[in-house]
Amino acid sequence: MELKKPVGRFAPTPSGRMHLGNVFAALLAWLAVKSENGTMLLRMEDLDTQRTKPEYAEILRGDLDWLGLTYDQESPPQSTRTNIYRHYVEKLGDMGLLYPCYCTRAQLHSVNAPHQADGTYVYPGTCRNLTPAQQAQFDRAPAWRIMVPDQQWSVTDLIQGQYSENLARDCGDFVVCRGDGAFVYQLAVTVDDGESGVTQVVRGVDLLSSAPRQMYLQKLFGFSHPQYAHVPLLVAPDGRRLSKRDKDMDIGYLRQHLTAPELIGILAQASGLLSAYTPVSPQELIGEFSWDKLKKTDICLDITGVL
Ligand code: GLU
């Protein structure tokens with residue numbers, strides 16, 4: 001029997017220069033796929049046409065090339081696929097799972113809105129049972145929400161372990177198409193990963209809580225669930241989360257001070273893939289890669305010392 005080779009993806013949002021967290025997630029996605037001779041796809045997530053720019057996409061390709069993170073194929077950018085997303089939203093409508101939501105931004109963000117202990121917003125179903133007469137009273141275009149089941153969705157994450165959510169209790173019905181007609185990330189990413197046969201999703205831990213919603217949509221559309229690996233955060237020695245605002249995180253700045261093998265060596269050592277620092281190319285790191293070696297919690301990176 002021939003084992004199926006993995007299909008992974010980089011799915012950057014071309015809204016600015018890559019930061020070190022993106023580089024780290026891209027490196028792990030690449031190593032996971034290439035260590036099993038799989039296929040790597042690149043997909044520009046440019047749904048938000050206000051924030052994203054083709055120039056940034058071009059710079060991103062250049063940065064991936066500089067890092068040596070090669071991809072086998074580039075998928076069409078999300079901005080060219082709205083008809084496809086519409087088709088999938090219509091499918092959900094045909095299943096009787098969608099309803100129009102007229103809640104304003106102010107209502108959704110009010111302090112009285114229901115939140116979980118960690119601050120996550122849970123949609124209380126305000127518009128779920130509006131009658132046609134009540135709906136007709138609004139003079140604005142609605143967003144469309146999908147009804148979620150009172151059911152537990154569990155991810156067996158290769159880094160984070162078991163993560164579960166009951167969609168009804170922990171998230172509530174969520175938007176798949178906004179009032180201005182824009183399709184949302186959860187829908188687009190599920191359709192794109194599903195249609196391109198992605199079997200492995202490696203990305204930042206900030207997206208772990210999106211996985212149950214995506215798994216629910218995968219089930220409805222008949223796509224297989226991919227394997228998930230949500231990559232830990234990079235933090236500064238004082239515990240501060242390294243963010244895009246820090247210039248030591250921006251690849252444009254880092255490229256002026258380090259070679260690609262130096263940068264990858266720093267990430268490989270901090271994350272546990274290498275026991276000591278040495279400059280290394282992604283190709284050379286393949287033999288060192290295993291999920292078991294990787295640190296599971298925040299990864300401390302002191303980059304100021306090397307710049
Ligand atoms: N486009 C998202 C980002 O740049 C990643 C989405 C994903 O990997 O599912 O953060």
Side-chain angles (χ1 to χ4, degrees), residues 6-33 38-61 63-64 67 69 71 73-82 85 88 153 155 157-160 163 165 171 174-176 182-218 221 223-234 241-245 249-252:
V7 179
R9 75 329 185 253
F10 304 127
T13 303
S15 59
R17 206 77 192 257
M18 275 176 125
H19 64 84
L20 207 44
N22 304 135
V23 173
F24 183 45
L27 173 66
L28 290 178
W30 189 91
L31 289 170
V33 161
T39 305
M40 197 67 199
L41 307 177
L42 173 66
R43 175 177 76 234
M44 293 298 165
E45 302 217 316
D46 59 351
L47 271 183
D48 182 346
T49 47
Q50 307 280 327
R51 276 176 57 234
T52 59
K53 290 202 182 89
E55 300 90 278
Y56 287 136
E58 203 41 49
I59 293 172
L60 256 158
R61 292 183 196 99
D63 286 336
L64 288 172
L67 288 159
L69 298 175
Y71 46 90
Q73 205 182 308
E74 180 161 354
S75 309
Q78 291 185 326
S79 57
T80 63
R81 288 173 52 79
T82 43
Y85 304 139
Y88 279 89
W153 293 82
V155 187
D157 191 275
L158 291 169
I159 305 173
Q160 307 296 332
Y163 175 79
E165 256 186 34
C171 167
F174 61 92
V175 171
V176 290
F183 298 100
V184 307
Y185 160 72
Q186 305 293 353
L187 179 98
V189 83
T190 305
V191 169
D192 292 346
D193 284 344
E195 283 201 342
S196 46
V198 165
T199 62
Q200 214 172 61
V201 169
V202 181
R203 61 188 176 194
V205 71
D206 51 324
L207 289 169
L208 179 60
S209 65
S210 290
R213 273 170 280 175
Q214 293 170 15
M215 290 174 79
Y216 171 47
L217 291 174
Q218 287 153 9
F221 295 143
F223 296 134
S224 319
H225 298 310
Q227 224 172 19
Y228 286 102
H230 287 89
V231 175
L233 278 183
L234 301 179
R241 175 184 177 172
L242 289 171
S243 79
K244 255 185 183 167
R245 282 192 307 274
M249 283 292 281
D250 177 87
I251 193 167

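Every number for a ligand or one of its atoms is a count from 1 in the order of the listing. The figures here come from the full heavy-atom set of this structure, side chains too, leaving out hydrogens, waters and symmetry mates.
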(Q) Quick test: of every protein heavy atom, which one is nearest to atom 9 (O) of ligand 1, and how far off is it to 0.1 Å? (A) Tyr185 OH, 2.7 Å
Q.
So Ile159 and Pro232, do their side chains get closer than 4.5 Å, heavy atoms only?
A. yes
Q) Hey, is the main chain of His230 close enough, under 3.5 Å, to the side chain of Asp157 for a donor-acceptor pair? A) yes
Q: If the plane angle is over 60° it's perpendicular, under 30° parallel, otherwise tilted; pick one for His225 and Trp153.
A: perpendicular
Q. Under 4.0 Å from any heavy atom of Val189, which atoms of ligand 1 are there?
A. 9 (O)
Q.
Treating Asp192 as the side-chain partner and Val189 as the backbone partner, does any N or O pair qualify as donor plus acceptor under 3.5 Å?
A. no
Q: Say whether Leu207, considering both its backbone and side-chain N or O atoms, lies within less than 3.5 Å of an N or O atom on ligand 1.
A: no
Q: Enumerate the atoms of ligand 1 whose separation from the nearest heavy atom of Arg203 is less than 4.0 angstrom.
A: 7 (C), 8 (O), 9 (O)
Q | Minimum heavy-atom distance between Asp63 and Ile251, given as atom pair plus value | A | OD2-CG2, 3.2 Å
**Q.** Proximity flag Gln214 to ligand 1, non-hydrogen atoms under 4.0 Å
**A.** no
Q. Among protein heavy atoms, which lies nearest atom 5 (C) of ligand 1, and at what distance?
A. Ala11 O, 3.4 Å
(Q) At under 4.0 Å between heavy atoms, is it the side chain or the backbone of Val201 that contacts ligand 1, or both, or neither? (A) neither
Q. Given Met44, Glu45, Gln186, Gln78, which one has a non-hydrogen atom that is nearest to atom 6 (C) of ligand 1?
A. Glu45
Q: Please write down residue, atom name and distance for the protein heavy atom closest to atom 3 (C) of ligand 1.
A: Thr13 OG1, 3.5 Å
Q: Mind listing the closest non-hydrogen atom pair of Gly252 and Arg17 along with its distance?
A: CA-NH1, 3.2 Å
Q. So which heavy atom in the protein is nearest atom 8 (O) of ligand 1, and how far is it from that ligand atom?
A. Arg9 NH1, 2.8 Å
